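All remarks here apply to the structure that follows.
Everything numeric here is computed off the predicted structure, so don't read it as measured data.
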Amino acid sequence: MDHSDHSHHGDHASHMAAGTGAAGGASWSTAVKATLHCLTGCAIGEILGMVIGTALLWGNVPTMILAISLAFVFGYSFTLFAVRRAGLDWKSAVRIALAADTVSIAVMELVDNSIIALTPGAMDAHLSDGLFWYALLGGFAVAFLITTPVNKWMIGRGRGHAVVHSLH
């Protein structure tokens, strides 16, 4: 009898139990991982949106709308592919990605774009200007610090990324 298949299921079950954060809520490391995961998708989408909008000579508003839209698309897709790999059907995977990432991405984008908007000259800076990148990266750093406790709280209540981590 081949035991390799059965040992995988045992590992998966123990990982699922470990990922739920049964008694004391979520660990900070879990929250940090979930936030970094989300931040990576957000950053890729947002930077891509800024690059495309700037390349097409769009104004600030359409460029920001594109950047935020792409941040959500990439943020969701990172989670979507992770849960699809875990074997979920598309409908369940989409539902989990929306549940896990909506608050996280929304907080991140709100904070990041507020910082860019409030940094003097950042909205008018070009991709070749240091100011643009400092405002963007500074915004992501602050967004990370604000979003991590939000994710920790949500995961600790079995919401958000807790669902995703139970599938890894």
Transitively linked via ILVMFWY side-chain contacts under 4.5 Å: Trp153 with Ile146?
yes

In terms of heavy-atom contacts, Leu131 and Pro120 come closest through CD2-O, 3.5 Å

Closest non-hydrogen atom pair between Glu109 and Cys42, with its separation:
OE2-CB, 3.7 Å

For residues Trp28 and Thr148, determine if any side-chain heavy atom of one lies less than 4.5 Å from a side-chain heavy atom of the other.
yes

Same cluster for Ile44 and Leu39 if Ile/Leu/Val/Met/Phe/Trp/Tyr side chains link at under 4.5 Å?
no

Looking at residues at least two apart in the chain, or sitting in another chain, which of them share a side-chain hydrogen bond (donor to acceptor under 3.5 Å, both in side chains) with Ser92?
Asp89

So Ser104 and Val150, side-chain contact (heavy atoms from CB on, under 4.5 Å) or not? Walk me through it.
CA-CA 7 Å; Ser104 191; Val150 171; over 6 Å; no

Taking all heavy atoms of Ile105 and all of Tyr76, pick out the closest pair and write down the distance.
CD1-N, 3.9 Å

When clusters are formed by joining ILVMFWY residues with side-chain heavy atoms under 4.5 Å apart, either directly or through shared neighbours, do Val103 and Val73 land in the same one?
no

Under 4.5 Å between side-chain heavy atoms, counting indirect links through other Ile/Leu/Val/Met/Phe/Trp/Tyr residues: same cluster for Ile68 and Leu48 or not?
no

Shared ILVMFWY cluster between Ile116 and Leu110, side chains joined below 4.5 angstrom?
no

Work out which heavy atom in Ala135 is nearest to a heavy atom in Asp112; give both atom names and the distance.
O-OD1, 4.4 Å

Applying the side-chain hydrogen bond (donor to acceptor under 3.5 Å, both in side chains) criterion to Asn151, which one of Asp101, Thr35, Thr30 satisfies it?
Thr35

Test of understanding: with ring pair (Phe, Tyr, Trp, His ring centres under 6.0 Å), list the residues that count as partners of Phe140, not counting sequence neighbours.
none

Out of curiosity, Ser69 OG to Glu46 CD, how far, rounded to the nearest 0.5 Å?
10.5 Å

State the CZ-CG distance between Arg85 and Leu80, to the nearest 0.5 angstrom.
11.0 Å

Give the C-alpha distance, both sets of side-chain angles, the deciding distance and a yes or no for side-chain contact (heavy atoms from CB on, under 4.5 Å) between Phe144 and Leu36.
CA-CA 8 Å; Phe144 173 79; Leu36 283 174; 3.7 Å; yes

Give me the atom names and distance for the closest heavy-atom approach of Ile115 to Thr119.
O-OG1, 2.6 Å

For a quick test of your reading: what N or O donor-acceptor pairs under 3.5 Å do the side chains of residues 52-62 make, sequence neighbours left out?
unit_1, atom_1, unit_2, atom_2, d
Thr54, OG1, Met50, O, 2.6

Within the side chain of Ser77, is there an N or O that forms a donor-acceptor pair under 3.5 Å with the backbone of Phe74?
yes

